[in-house]
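Letters go in sequence order (proteins before strands), and every chain restarts at 1. Side chains are part of it too, since the values below use all heavy atoms of this structure and drop only hydrogens, waters and symmetry mates.
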Amino acid sequence: LRKAENFARWGGANRQEKPMSEADPVAGLLEAAAKGDRRAFSPLYVATSAKLYGVLLRILRDREEADDALQEVYARVWSSAGRYDPAKGRGMTWLITIARNRAIDRLRARPPLADGAAGTEVVEAQASESGDAEAILMRKSDLGRLGTCLDVQPADRAAALRGAYVMGLSYAELAARHAVPINTMRTWLRRGLQQLRECMEA
Amino acid sequence: MTMTLDKMDDDALAAEYVLGVLDAADRAAAEERMRSDADFALRVDGWQARLAPLNEAYDAVPPPVALQAQIEARLFPAQPVPRRRSGWLGGILAGLGVAAVVLVAVALWLGVPGTDTRLQAVLTAEDAPVAFVALWSETEGVLTLRQTAGGPAGEGADYQLWRIGADGVPQSLGLVQGDLALALPALAQGEVLAVSLEPAGGSPLPGPSGPVLLAAPLETM
């Protein structure tokens, strides 16, 4: 959010011309990309690649795969920039959605054996990273209403929701970590999501 | 807000999709729904907006420097590398005679747009001990590097300058000691310049052997 304010300030001087894209330079670059303007690519990449690479690394936990995925993400961004709608959110948020989806698709496409072969190591790495995720989220208390509504949930369910979103954990992985059947996990998380929505709309 | 049971199910599925917990088959089915069912697609948008603050949890991690050139090569495969035009320019000048030469010289002197391609890369990073600005002029065929912060690399060490083109392979441009001017006839926008810290004399490898301290793409001025 601090970044968002900086962007807003950055755009303040020329606001009269193009209010939407000036306040959100990434959105402006996406507009140019939608028109096929190659000059927009380099600044777009420089402004956004570190955050997107961070997303891919966090979910894929593998540098080589993150390298491949980053290429796929920017290919996707470039070809579908015309579908970005500034009314739905900031340019960076749209880019992160694409990166998360690509990473999660890759994760789900991994053969089950690959994860099983790594065995407990993977699970432990995930467990400790989920601790990290929480620590980071505690420090960055910029979650606003979402943070408040996560806080009123039971702590283990709030942690499961955060872990699922941030690291791309599947129902199967969450169920294994909490030692409950998948359907139980699904019912439990669905209830959490419904409460989250009601709380945020209250 | 009240919802029918069906809608509650739809909303839960949209939430699960955005949360990322579905398996491959269910994800694919949800994406198919998004394409065919506008109400469902709106629910997905709603959840994306609701959960987006969690994106704060992702720390920025700079990707490997060579990746940008690889991605650009993939996206823009036919990107022409600017070539020196001395061939046809020379021919025209010879044909037009001295008056034209004077005119073009004046045009170059005044910096009339279109007579020269000039690229710039600003090599700075918060945690780097040095900073440089690189300028390249197509007409001159020279890359100049000006050190804007920091000093020499220290005893037993050198800074080394690299160029990473569309093939993604770092190519050494030599060691950097203070300001520098290099003859470099061809350089393209989007190519990346990088500076690494190396043992004295430079990297023993074909690419950087030490940490890459700075990297920036060349932009049109």
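Note that CD of A:Gln194 is 8.5 Å distant from CG of B:Asp11, once rounded to the nearest 0.5 Å. To the nearest 0.5 Å, the span separating CG on A:Asn101 from CD on B:Gln48 amounts to 6.5 Å. The CG atom of B:Leu19 sits 12.5 Å away from atom CZ of A:Arg162, with the distance rounded to the nearest 0.5 Å.
Most heavy-atom pairs under 4.5 Å with chain B, from the set A:Gln71, A:Met200, A:Arg186: that is A:Gln71. Per-residue heavy-atom pair counts under 4.5 Å with chain B were compared for A:Ala103, A:Ala109, A:Ala75, A:Gly89, and the maximum is reached by A:Ala75. The choice from A:Arg108, A:Glu72, A:Met185 that makes the most heavy-atom pairs within less than 4.5 Å of chain B is A:Arg108.
When heavy atoms are compared at a cutoff of 4.5 Å, B:Arg27 approaches chain A solely by way of its side chain, counted from C-beta outward. Residue A:Leu193 touches chain B through both its backbone and its side chain, counting heavy-atom pairs closer than 4.5 Å. Of the atoms belonging to B:Leu67, heavy atoms from both backbone and side chain fall under 4.5 Å from chain A. The parts of A:Val55 that come within reach of chain B are both its backbone and its side chain, each placing non-hydrogen atoms under 4.5 angstrom from that chain. Neither the backbone nor the side chain of A:Leu52 comes within less than 4.5 Å of any heavy atom in chain B. With a 4.5 angstrom heavy-atom cutoff, B:Leu22 touches chain A via backbone and side-chain atoms both. Residue contact with chain B, scored on non-hydrogen atoms closer than 4.5 Å, involves the side chain of A:Ile96 exclusively. Contacts of A:Thr97 with chain B are made by side-chain atoms alone, with heavy-atom separations under 4.5 Å and no backbone atom involved. No part of A:Leu56 comes within reach of chain B, as not one of its non-hydrogen atoms sits under 4.5 angstrom from that chain.
B:Tyr58 places a side-chain N or O within 3.5 Å of a backbone atom of A:Val166 that can act as its donor or acceptor partner.
Between B:Leu51 and A:Leu196, some side-chain heavy-atom pair lies under the 4.5 Å cut-off. Within the 4.5 Å cutoff, side-chain heavy atoms of B:Glu31 are placed close to those of A:Asp105. A 4.5 Å side-chain heavy-atom check between B:Asn55 and A:Arg100 finds at least one atom pair inside the cut-off. Residues B:Trp47 and A:Arg197 are in side-chain contact: their nearest non-hydrogen atoms beyond the backbone lie under 4.5 Å apart. At least one side-chain heavy atom of A:Arg63 sits under 4.5 Å from a side-chain heavy atom of B:Val61. Looking at A:Arg39 and B:Gln189, their side chains come closer than 4.5 Å, going by heavy atoms from C-beta outward. Side chains of A:Tyr45 and B:Pro63 form a contact here, defined as non-hydrogen atoms less than 4.5 Å apart.
Within 6.0 Å of CZ in A:Arg145 there are more than 12 heavy atoms belonging to other residues, nucleotides or ligands. Residue A:Arg76 qualifies as open at atom CZ: its count of foreign heavy atoms under 6.0 Å is 12 or below.
Note on A:Arg38 versus B:Glu72: no salt bridge recorded, every NZ/NE/NH1/NH2 to OD/OE distance being 4.0 Å or above.
Taking every heavy atom of both residues into account, A:Leu143 and B:Pro53 meet most closely at CD2-O, 3.2 Å. Between A:Thr93 and B:Ala52 the shortest heavy-atom distance is CG2-CB, 3.8 Å.
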Stepwise side chain to side chain donor-acceptor pair (under 3.5 Å) check, A:Tyr74 with B:Gln68:
CA-CA 10 Å; A:Tyr74 278 101; B:Gln68 182 180 2; over 6 Å; no

